[in-house]
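Given the structure is predicted, the values throughout are model-derived calculations rather than measurements. Side chains are part of it too, since the values below use all heavy atoms of this structure and drop only hydrogens, waters and symmetry mates.
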Amino acid sequence: MGYYGGLFSGNMGLYFLFALPALLLGLWAQFRVKSAFNKYSKVRSNVGLTGAEIARRMLDMSGLQNVKVEQTNGFLSDHYDPTSHVLRLSPGVYQSNSLAAAGVAAHEAGHALQQQDNYVPMQIRSAIVPTVQIGSWLGPIVFIAGFFLNLAALQWAGIILFSAVAVFSIITLPVEFNASNRAKAWLAESGVLYQSELPAIHSVLDAAALTYVAAVVQAVSTLLYYLTLMNGGRRRS
């Protein structure tokens with residue numbers, strides 16, 4: 001245990017080498033999102049529709065009258081639940097008639113349109129959610145146990161479990177980008193916004209997209225760290 005404990009602690013510098021870029025990118029992404037949302041949440045749209053009204057109109061015009069639009073708690077907790085066909089918007093989006101609210105509401109409605117179109121990346125992401133929920137917490141535990149016990153099979157089991165998180169984050173990219181593209185296109189063509197307001201929508205949604213890129217970098221970096229740590233332990237054994 002002493003040998004492997006020393007080996008593990010000796011690789012902390014290696015861990016930060018992998019983790020630091022992902023951490024910095026994640027912080028930058030969060031800053032960009034909050035900055036863009038806060039800026040454009042103060043800018044009222046000319047038409048004046050609330051986020052809830054925009055989502056409802058986008059859904060109805062797409063033949064999705066069965067999808068409910070509800071208010072949920074939290075800041076930027078907006079999401080679409082494909083199992084119950086409910087689009088949940090945070091108070092700052094549901095009740096607001098700002099440009100930021102318009103962008104976020106249309107983006108979430110875009111996920112409902114993806115389900116309607118049987119968008120393959122979304123179907124894959126939904127299918128692997130249970131595996132990801134298990135792998136995200138169990139994978140690191142299994143890997144560390146295998147590392148200290150010097151059991152390669154256990155280490156590989158942990159890596160395979162955690163790899164579901166990396167796969168999920170990678171599949172999430174086209175899902176989120178596509179939802180944003182649907183939102184931008186609909187807002188540009190529907191008449192609920194003026195053309196002069198569209199750059200604000202792009203700013204909000206492009207900033208949000210950066211958070212998903214950061215999630216990919218974080219998951220892949222962690223996976224590479226585990227593989228490097230495993231190979232280093234083998235060489236020193």
Side-chain angles (χ1 to χ4, degrees), residues 33 36-37 40 45 47-74 76-133 164-165 167-195 197-198 200-213 215-216:
V33 169
F37 185 84
Y40 292 110
S45 69
V47 175
L49 295 178
T50 65
E53 291 169 335
I54 284 179
R56 183 71 272 159
R57 185 172 296 192
M58 184 172 173
L59 293 169
D60 289 346
M61 289 178 65
S62 303
L64 291 172
Q65 290 83 2
N66 62 310
V67 175
K68 297 179 181 179
V69 180
E70 299 178 349
Q71 182 171 303
T72 189
N73 296 322
L76 290 181
S77 54
D78 314 88
H79 64 279
Y80 173 65
D81 184 349
T83 58
S84 58
H85 304 286
V86 176
L87 195 158
R88 299 186 176 94
L89 301 176
S90 60
V93 172
Y94 187 94
Q95 302 173 14
S96 174
N97 58 10
S98 69
L99 293 178
V104 173
H107 171 90
E108 297 305 333
H111 287 307
L113 270 63
Q114 288 175 333
Q115 185 178 36
Q116 179 188 47
D117 295 341
N118 295 316
Y119 184 61
V120 173
M122 185 184 187
Q123 292 179 320
I124 297 173
R125 187 176 75 165
S126 298
I128 66 174
V129 165
T131 304
V132 173
Q133 291 175 333
V165 178
V167 171
F168 180 84
S169 63
I170 292 171
I171 293 175
T172 292
L173 285 181
V175 175
E176 298 299 333
F177 289 168
N178 179 265
S180 288
N181 289 337
R182 290 171 186 258
K184 293 172 183 176
W186 186 84
L187 290 171
E189 298 167 1
S190 63
V192 299
L193 294 181
Y194 290 179
Q195 290 297 314
E197 297 173 311
L198 295 179
I201 301 300
H202 285 257
S203 180
V204 171
L205 296 183
D206 291 348
L210 187 59
T211 63
Y212 300 106
V213 175
V216 170

(message) Test: salt bridge (Lys or Arg N to Asp or Glu O under 4.0 Å). Region: residues 83-95. Which pairs qualify, not counting sequence neighbours?
(response) Glu70-Arg88, Asp81-Arg88

(message) For the backbone of Ala208 and the side chain of Thr211, can you confirm whether one donor and one acceptor N or O come within less than 3.5 Å of each other?
(response) yes

(message) How close do Pro121 and Pro174 get, counting heavy atoms only, and between which atoms?
(response) CB-CG, 4.2 Å

(message) Looking at Val175, is its backbone amide N or carbonyl O close enough to the side chain of Gln114 to form a donor-acceptor pair, meaning the two atoms are under 3.5 Å apart?
(response) yes

(request) Rounded to the nearest 0.5 Å, what's the gap from CG on Leu89 to NE2 on His79? Could you check? (result) 9.5 Å

(message) With heavy-atom distances below 4.5 Å as the criterion, would you say the side chains of Val47 and Glu53 are in contact?
(response) no

(request) Decide yes or no for Leu173 and Val213: does some side-chain heavy atom of the first lie under 4.5 Å from some side-chain heavy atom of the second? (result) yes

(message) Measuring from atom CD of Glu108 to atom CG of Leu113, what distance do you get when rounded to the nearest 0.5 angstrom?
(response) 12.5 Å

(message) Working to the nearest 0.5 angstrom, can you tell me the gap between Asn181 CG and His107 NE2?
(response) 10.5 Å

(request) Taking all heavy atoms of Gly74 and all of Pro91, pick out the closest pair and write down the distance. (result) O-CD, 3.5 Å

(request) Verify, without hydrogens or angle tests, whether Ser45 (side chain) and Asn97 (backbone) share a donor-acceptor contact under 3.5 angstrom. (result) yes

(message) Distance check, rounded to the nearest 0.5 Å: Thr172 atom OG1 versus Met122 atom CE?
(response) 10.5 Å

(message) Taking the side chain as everything from C-beta on, heavy atoms only, tell me whether Thr131 gets closer than 4.5 Å to Val167.
(response) no

(request) Decide yes or no for Gln123 and Asn118: does some side-chain heavy atom of the first lie under 4.5 Å from some side-chain heavy atom of the second? (result) yes

(message) Quick check: do Phe168 and Val129 have side-chain heavy atoms less than 4.5 Å from each other?
(response) yes

(message) For Ala102 versus Ile54, what's the shortest heavy-atom pair and its separation?
(response) CB-CD1, 3.3 Å

(request) Consider only side-chain N and O atoms of Gln115 and Tyr80, and report whether a donor and an acceptor are under 3.5 Å apart. (result) yes

(request) Could you tell me which non-hydrogen atom of Leu87 sits nearest to which non-hydrogen atom of Ala105, and how far apart they are? (result) CD1-O, 4.5 Å

(request) Working to the nearest 0.5 Å, report the span between CG of Leu64 and CZ of Arg56. (result) 8.0 Å

(request) Return the minimal non-hydrogen interatomic distance between Gly103 and Leu187, and the atom names on each side. (result) CA-CD1, 4.3 Å

(message) Any non-hydrogen side-chain atom of Val204 less than 4.5 Å from a side-chain atom of Val104?
(response) yes

(request) Please tell me if the side chains of Trp186 and Val192 come closer than 4.5 Å, counting only heavy atoms from C-beta onward. (result) yes

(request) Without swapping roles, check the side chain of Gln95 against the backbone of Thr50 for a donor-acceptor pair under 3.5 Å. (result) no

(request) Test side chain to side chain contact (heavy atoms under 4.5 Å, CB included) on Ile201 and Tyr40 and set out the steps. (result) CA-CA 9 Å; Ile201 301 300; Tyr40 292 110; over 6 Å; no

(request) For residues Met58 and Ala109, report the shortest heavy-atom separation together with the two atoms involved. (result) SD-CB, 3.6 Å

(request) Rounded to the nearest 0.5 Å, what's the gap from CG on Leu59 to NE2 on His85? Could you check? (result) 12.5 Å

(request) Could you tell me whether the side chain of Asp206 reaches within less than 4.5 Å of the side chain of Lys184, counting heavy atoms only? (result) yes

(request) Please name all residues satisfying ring-ring contact (aromatic ring centres under 6.0 Å, His included) with Phe37, sequence neighbours left out, ordered by chain then number. (result) Phe75

